[in-house]
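Each remark here refers to the structure printed beneath this line.
We name chains A, B, ... by the order of the sequence lines, and we start the count at 1 in each one. If you're wondering where the values come from, they're calculated on a predicted model, not measured in any experiment.
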Amino acid sequence: MSESRGRRAYRLLLRALPPDMRDRFGGEMEELLDHRLREAGASSVRRGLVWLRALGDVAVQSMALRFEERRGGTMRLGSIVQDVRYALRGIRTSPGLAVLAVMTLGLGIGASTATFSVVHGVLLERLPFEDPGRLVVVWPEVNANKAMTVMAAERMPSLEAVSGLSGWTLTLTGVGEPREISGLKVSANYFDLIGVRPVLGRGFAPGEDLPGAGGVVVLSHDFWVSAFGADPTVVDRMVDMGGADYDRRRIIGVMPPGVADFPEDIDVWIPLEGDPAVTLQADDTWYVNLRIARLAPGATLERANAEVRAYAAAVQGELPEHFAREDVDRATVRELREYRTSDVRASMWIALGAVGLVLLIGCFNVANLLLARGDRRRQDLAIRAALGAGRVRMTRMLLTEAGVLGLSGGLLGVGAAYGLVRVIVSQAPEDIPGIASVSVSPAVLAFAVGITIVSTIVAGLVPAVRAARVDATSSLGGGTRGADRPRTGRLTPALVGVQIALAVVVTIGSGLMLRSLTRLLAVDPGIDGRNVVTFNPVPPAGRYPDGPSFRDYYRRVMERVAALPFVESVGAIHLLPGTTNNWSFPTYPEGFAGEAGAPTPFANFRAVRGDYFGVTRLPLRAGRVLTDADREDSEPVVVVNEAYAHRFWPDEDPIGKTLHIFSPQGTSYRVVGVVADVHQHGLQLEPLPEMYFSHEQVPWNQMSMWIVARVRPGTPEPARLASPLRDAVWSVDPQVPVTGMAVLSDVLSRSARGTRFLTVLLSAFGGLALTLSAVGVFGVTAYSSARRRGEFGVRLALGSSRVSILRSAVTRSLLPVCVGLIAGLFVASLSSGLLESALFGVSASDPLTFVGVTVVIALTAVAASAIPAWRATRVDAARVLASE
Amino acid sequence: MPRPRRAEDFLPLHPLEFRILLALLDGATFGTRIVQAIEAAEPGHSRLYPANLYRRIRDLMSDGLLEATPAPRGADPRRTYVRLTRMGHAVARAEAGRLRDLVADATRHRLLRADP
């Protein structure tokens, strides 16, 4: 946490103190805290401890001061110590209750704190940019060229500056092992726009994004440390960094940590070159994935949104073949932070909401325990009242007891949160922005303190007030018989009802997610990735300068891989299924006209080599697959998928038809086969029309290929074959980096990770909610049955059967459960729609889930109430009557 | 209730409050210096945190044992410099006397050995 943020957090914390103290000493208190932090040095553990103690310090003193004020300033810490002692004595007399309460609160607070730390880290953490709230993305729904970026700055007065962004993979050689690094092409104004200064050297100068001027590179802090050992003399060094425009670049600067987190894990920034004089139509830089801008002073997001439509309409008017009217209608300007986290925002809030409900269930459990306990302690309290203890003092005493339990629960929860955060982060999909840096920060600790206080009040206030409302005469004079009727009255069953309702809501959420995950994992990806190892050798730019030598390199690599004893067959494809990259081009199928005025249809483009279709077991529906016989000098052919055939030739045989790409002229490719659809970009997305070309016949010389190798059955752990495979590649050329080594089935199932993550979280919360409410029902039935032992004894003596007594006890407990179930189902039917966007193949009102959850909760409640009730009926009638 | 006016009415003094009074016997100063003086005088003293320290200082001021004094020339004017009042001196002395009597009693009971 930066110093200024730390100060802000502490200043916020100091608001708990009386204003006069804050005004007079606030600055000095910050100074003293700084002193303590300086003593702690750089160790994050020691600094964390200082923060914890500072939190405890303010919490204890503010409580002491409040009490002092109420008592006219005469009270000192002494009577609080007395209250704490009383509370500890009370806890010692019933340790079981204390352990249960502390565990319950600890679990709830721990789970909430851990979830909040993820929400805080991902959704609320600020990018290290200047005034990030003014940064926006412009028309993020479409890809653009650089001329469009320039035009946005001219046409939209609400924007102060606009920068284009384009992700590129570069090859670094000559610094350690050859490897791929992730680069971001940006306009020269990018660093000024986001308002960051380099820690070394400089950022891009104006004009460095003009053609021929951009042979420079700015390093991210992490990359500077990992690749150059944080060498302070790195500026002005030349590095071999091929892959985009230049083979060698001059290092001009190093950016501070954190800047590279946007869009994600950038190693280097390079200029997005473009000629400012080029027209919109002539500009072929169609790889500008994102445009970010800063709102001009006084401009609002609303005004920018009004302007973007006019801008998009102007672009569409000039480029009707690129953009449809719908693209213009969908054009927006969105806040950068909101845009960046929009995919996970809903999931995060849902998880936080669910865990909040779990905590509430836990609080009600503790409240019920304390209500019952207050009832048992009536005589003790009555004596205190008779001796002159005021109601306020007694309430405070009992609240202190809840406070001690709450504080212990809070401490346990914070400890648990540290562990839980690690588990959550390790399980989360790595493409959630900022997930890797999630930790229990001071702000998260402040949240934990806050929910601990709120939980303590929710769980402790009502029981304390009720118990303190003791009437000395009736309680002391009434003997034991009067105490048979629990004084907790309607409150306890009401709390149980609310608990059950909340548990229904959470459990239905987790049930829906579970069903959704099952459906998702049942989707056939279209290919069989088991026992298929895949990796991506990327020759540095210029190493194989022309098409024939480049293709020959891959031919030789595949030969070497095929010669390995454990390899059954080998193929290659330039974009691996299950990953996010895509090439999609205008396609012109023979005889397909489309609707008048509609933009040219696009289809996914894939280049393959070798036995790709055999290795992946991609089913052939008609004709033949591509083979090594489809060479540069033979007839140009193509294989399409079923989605392509259905869309463009719905009632015809596609075999033998021809198609063009890019324009209706040029090379014509004859369709020789139709293969099944593949879920290229994730199991939840519908397959799109797709064209497979032979790598030998595509018009680009240098496309890096993913090798796919099917290993022989019985080969132990395909993942362990990385080393011999890499050696095979390096036996052809040791200068080529090999990246992305993985088992194909893992790559394919990665797309389900987001759903799996939310499912695991919600299932854990659902399980917790169910357990806590079962404990609640158990506790309440056990307590009320114990109170009714005398009544049961009398009824047994009068001839009632144990079963009828059991039935009456269980029925009484189950009444609030039924009310809670109905209320919970009602609330769940209203709220489950929130999950809609996260669900796959299951409706938010899925009857099976609703019925299943109802049955599970009802059975759990019956079991939880029957066990203690049965125990209570095992009374000896004679002994009970004798004691009466 | 009227505030007590005799030094004995403040006894026994909270140990931290006594430490603060002792730290100020050398003259007026401000919070962080007081902390450093306390920790230097008693190296095993647990680390003092801001709210605890300033709450004591505030209490001692409202009881009339400390008073604010203008910052010395050249010092940061945002800091509150405090010094002992006459009553503060008297209370510190009374508390020291009380402790001395206690120690004497403990020695008489052979809990401590008398200094040679």
Quick check: do Tyr49(B) and Val58(A) have side-chain heavy atoms less than 4.5 Å from each other?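 Of all side-chain heavy-atom pairs linking Val58(A) with Tyr49(B), none is under 4.5 Å.
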Hey, could you give me the CG/CZ distance between Asp57(A) and Arg55(B), rounded to the nearest 0.5 Å?
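Taking CG in Asp57(A) and CZ in Arg55(B), the distance rounds to 10.5 Å.
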The reported gap from CZ in Arg47(B) to NE2 in His35(A) (rounded to nearest 0.5 angstrom) is 7.0 Å
Does anything in residues 25-37 of chain B get under 4.5 Å of chain A by heavy atoms, and if so which residues?
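Residues of residues 25-37 of chain B touching chain A at under 4.5 Å: Phe30(B), Gly31(B), Thr32(B), Val35(B), Gln36(B).
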Specify the closest pair of heavy atoms between Leu32(A) and Pro50(B), including all atoms of both residues, with the distance to one decimal.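 Shortest heavy-atom contact: CD2-CA, 3.7 Å.
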Heavy atoms of Arg58(B) and Asp20(A) approach each other most closely as NE-OD2, 3.0 Å
Given that the side chain runs from C-beta out, which part of Glu39(A) has a heavy atom under 4.5 Å from chain B: side chain, backbone, both or neither?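 Just the side chain, heavy atoms under 4.5 Å.
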Note to self: Between Arg36(A) and Glu39(B), does any NZ, NE, NH1 or NH2 come within less than 4.0 Å of an OD or OE carboxylate oxygen?
What the structure shows: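 A salt bridge is present here (some side-chain N lies under 4.0 Å from a carboxylate O).
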In short, side-chain hydrogen bond (donor to acceptor under 3.5 Å, both in side chains) pairs touching residues 401-410 of chain A with sequence neighbours left out are Arg373(A)-Glu401(A), Arg377(A)-Glu401(A)
Interface residue of largest heavy-atom contact number with chain A, from Leu48(B), Leu53(B), Ile57(B), under 4.5 Å: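 Most heavy-atom pairs within the cutoff with chain A belong to Leu48(B).
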